[in-house]
There are 2 protein chains.
Amino acid sequence: MNRRLSDTAPNLPTLADVARAAGVSTATVSRCLNSPALVQTATRDRVLSAVAALGYSPNFGARALAARRTGIIGAIIPTMENAIFARAIQAFQEELHLSGQTLLVASSSYSPEIEADQIRTLVARGADALLLIGHDRDPGIYAFLEQRGVPVLVSWAFDPAQARASIGFDNRRAMAGLAQEVLQLGHRNIGMISAHAAGNDRARDRIAGVRDALRDHGVDPAALDLIETPYSIANGAEAMARLMALPTPPTVVICGNDVLAVGALQMARQLGLDVPRQVSITGFDDIELATVVDPALTTVHVPHREMGRAAAQLLVGMVGGGAAPAPVCLETKLCFRGTLAAPRT
Amino acid sequence: MNRRLSDTAPNLPTLADVARAAGVSTATVSRCLNSPALVQTATRDRVLSAVAALGYSPNFGARALAARRTGIIGAIIPTMENAIFARAIQAFQEELHLSGQTLLVASSSYSPEIEADQIRTLVARGADALLLIGHDRDPGIYAFLEQRGVPVLVSWAFDPAQARASIGFDNRRAMAGLAQEVLQLGHRNIGMISAHAAGNDRARDRIAGVRDALRDHGVDPAALDLIETPYSIANGAEAMARLMALPTPPTVVICGNDVLAVGALQMARQLGLDVPRQVSITGFDDIELATVVDPALTTVHVPHREMGRAAAQLLVGMVGGGAAPAPVCLETKLCFRGTLAAPRT
DNA sequence: TGAAAATATGTAAGCGCTTACATTTCTCTC
DNA sequence: GAGAGAAATGTAAGCGCTTACATATTTTCA
């Protein structure tokens with residue numbers, strides 16, 4: 001049988017062609033490409049000119065098959081249309097590039113089913129390791145990855161109770177810190193707009209953080225007016241409208257992220273409410289939007305880039321049987337800007 | 001030699017294991033997975049249960065090597081931290097997913113060198129086809145891709161003068177349309193903030209569009225106060241400050257994209273200038289930011305999602321020797337919002 | 001009813017590379 | 001200058017899959 005005559009595929013030079021042209025064995029050519037130090041300079045030069053002359057470049061499938069690695073690292077994020085993930089992922093990929101790895105990103109649209117599907121796809125596409133967001137997912141998925149020998153790093157979350165490798169920040173403590181400040185200012189009637197907590201440990205931890213702070217101040221955590229809604233400016237606005245329509249509307253609305261907060265801010269303006277004099281609003285993430293709006297958003301800064309960069313380093317170390325690193329916890333920082341003030345008395 | 005005993009890699013089941021378990025040949029198993037219609041239902045069921053029982057999933061490298069395709073489509077965008085690319089790429093990937101293809105994205109940080117490097121990387125990673133932004137690049141790159149038999153689709157630009165497959169919109173005509181409106185309102189003293197035009201045909205075309213409109217109105221195109229600056233809100237603001245410091249500052253600032261326009265808007269506010277009464281500002285792209293700022297940005301809407309979706313369909317058709325489709329031109333739309341008005345008289 | 005046509009399955013030859021091991025060729029050291 | 005050790009290169013066995021072609025089985029219809 002002869003597939004070389006397929007009319008569409010060009011006949012590319014192979015390792016053997018290069019070896020022939022350079023008068024060496026295929027092993028030597030392979031070594032020139034993968035561990036040049038093992039080859040004498042003169043030979044190497046001869047081989048490399050042959051490579052250049054023929055316009056050779058290695059066949060990916062063959063290399064992956066023989067080496068049992070692809071050099072591809074997978075990452076699954078909820079959506080690319082979100083600055084926080086985009087930013088972290090950008091840093092992640094820049095760092096991977098330095099170690100010669102390539103990033104393969106997929107997005108789950110915040111759906112556990114799609115995420116599971118994407119995980120399988122990435123593994124089927126040969127990902128050597130995976131970066132995931134948050135711990136929360138079907139244990140079967142972790143078992144599957146374990147069985148396939150694909151190392152996993154969980155990001156965006158720090159939870160010492162989880163044994164697996166992870167890098168992130170303490171969502172709960174960070175949000176509790178912000179809520180403390182809110183309470184200190186005298187707010188007692190508190191609203192919260194959050195992403196859906198089911199299957200989203202970041203959202204859940206942030207809500208828990210607010211409740212922690214309430215408890216610390218002797219406020220009943222159950223009294224928190226909480227609305228869960230999908231991630232978007234419009235949804236943030238809509239939730240804000242509902243909170244403000246309450247019999248006793250909150251004097252402050254703590255949002256689970258900046259996007260929801262910007263929506264809330266827009267709605268406040270639309271309702272003719274003065275922020276922060278009539279109602280305070282806070283965000284979480286510190287994305288670019290936070291400083292574009294007026295007044296600028298009081299929020300929690302998360303070191304996304306740093307997280308992306310560090311994640312890449314950890315993951316590269318885990319490929320090829322490196323021991324799982326200890327969980328890493330990064331620091332967040334409160335950013336006081338224009339949308340938070342004491343309640344009107 | 002026996003590599004199976006490597007202590008890190010797990011011993012995964014192979015096609016042959018499945019074949020043995022199901023009592024069929026490896027060919028039949030392969031067919032079950034790739035063209036189920038060719039296999040009798042009873043046999044197929046037997047094979048699929050064996051697959052499930054063993055937890056089998058195909059080895060990527062081996063499949064790619066034998067089939068001479070990876071199912072990976074590459075895309076290179078300037079940056080992931082830009083909503084317009086993120087949005088288009090998201091739609092692109094959703095559509096690819098429907099045809100069982102996987103997207104591999106890389107970013108060039110607007111650098112031709114990095115882009116060339118990334119193109120080589122993606123091809124080396126087995127990309128079956130490539131999506132690129134804009135036509136502008138070293139002809140050697142196109143030659144390389146041609147030689148490797150990797151189909152390319154250029155997006156974001158429509159230029160009938162370019163023979164290659166492309167999908168985009170007419171940046172020049174779209175921007176000319178906006179500039180016409182600006183001139184119609186009576187503006188004659190016009191400033192422009194653009195991304196760097198070198199190596200960026202989109203930016204160049206948009207500038208050309210403004211000059212076209214000027215010429216149509218009998219204004220000397222050379223009189224355009226043009227500042228080129230990298231893509232960011234801060235740079236837009238800085239450029240705005242420079243324009244406003246001119247002896248006769250422009251009455252309108254046309255920006256090459258929304259991000260620069262938002263920067264300009266911020267600076268106008270900071271300078272105490274009333275937009276649009278004292279100075280008008282326009283953008284291009286219609287990203288979410290455009291409606292978040294106050295006043296909302298007058299801009300040009302680009303059908304990013306539609307472009308991404310259509311690009312995926314075209315590219316899938318081109319893999320495996322499909323004929324190159326004719327260039328596609330999508331329509332843009334002017335969005336009149338709050339930042340454009342007649343000049344103060 | 002039997003031969004041709006259609007359908008289902010098996011056989012086995014690669015796909016192009018990496019790498020364990022074997023072999024050859026240098027470099028020392030005494 | 002001989003022997004030991006190090007360095008450079010070659011040999012060839014897979015890696016796990018797809019698919020052309022061969023073979024076996026069933027269907028169709030004159």
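Order of the sequence lines fixes the chain letters, A, B, ..., with proteins taken first and strands second; residue numbering starts at 1 for each chain.
- Side-chain atoms of B:R44 come within 3.5 Å of backbone N or O of B:V39 as a donor-acceptor pair.
- No side-chain donor-acceptor contact under 3.5 Å links A:Q101 to the backbone of A:I73.
- Whole-Å rounding puts the A:R68 CZ to C:dT19 P distance at 10 Å.
- Distance CG (B:L38) to C1' (D:dT19): 11 Å, rounded to an integer number of Å.
- Among the atoms of the strands shown, base atoms are found under 4.0 Å from some heavy atom of B:S30.
- The CG atom of A:L33 sits 7 Å away from the P atom of C:dT18 (whole-angstrom rounding).
- Taking only side-chain nitrogens and oxygens, A:R31 never comes nearer than 4.0 Å to OP1 or OP2 of C:dT18.
- Listed pair B:T28 / C:dG10 meets the phosphate criterion, a side-chain N or O lying under 4.0 Å from OP1 or OP2.
- Between the P atom of C:dG16 and the CG atom of A:N34 lies a distance of 17 Å, rounded to the nearest Å.
- For DNA chain D, the neighbouring residues in residues 41-62 of chain B, judged by any heavy atom under 4.0 Å, are B:Y56, B:P58, B:N59, B:A62.
- As rounded to whole Å, 14 Å separates atom C1' of C:dC15 from atom CG of A:D17.
- The phosphate of C:dT9 has neither OP1 nor OP2 within less than 4.0 Å of any side-chain N or O from B:S25.
- One interatomic measurement links the two molecules: CZ of A:R20 to C1' of C:dG16, which rounds to 13 Å at whole-angstrom precision.
- Rounding to the nearest 0.5 Å gives a distance of 11.5 Å between CG of B:N82 and CD1 of B:I89.
- Residue pairs meeting the ring pair (Phe, Tyr, Trp, His ring centres under 6.0 Å) criterion with at least one member in residues 58-80 of chain B, sequence neighbours excluded: A:F60-B:F60.
- Without hydrogens or angle criteria, A:T26 side chain to A:A19 main chain gives no donor-acceptor distance under 3.5 Å.
- Following rounding to the nearest Å, A:R69 (CZ) and D:dG16 (C1') show an atom-to-atom distance of 18 Å.
- Nearest-nucleotide mapping onto DNA chain C: of B:G23 and A:L65, the residue sitting toward the 5' end is B:G23.
- In this entry the distance linking CG of A:L15 with C1' of D:dA12 reads 14 Å, nearest Å.
- The 5' end of DNA chain C is approached more closely, in terms of each residue's nearest nucleotide, by B:Q40 than by the other of B:A67 and B:Q40.
- At least one cation-pi condition fails for A:R309 and A:F92: the charged atom is not both under 6.0 angstrom from the six-membered ring centre and inside a 45 degree cone around its axis.
- Between the side chain of A:S35 and the backbone N or O of A:L38 there is no donor-acceptor pair closer than 3.5 Å.
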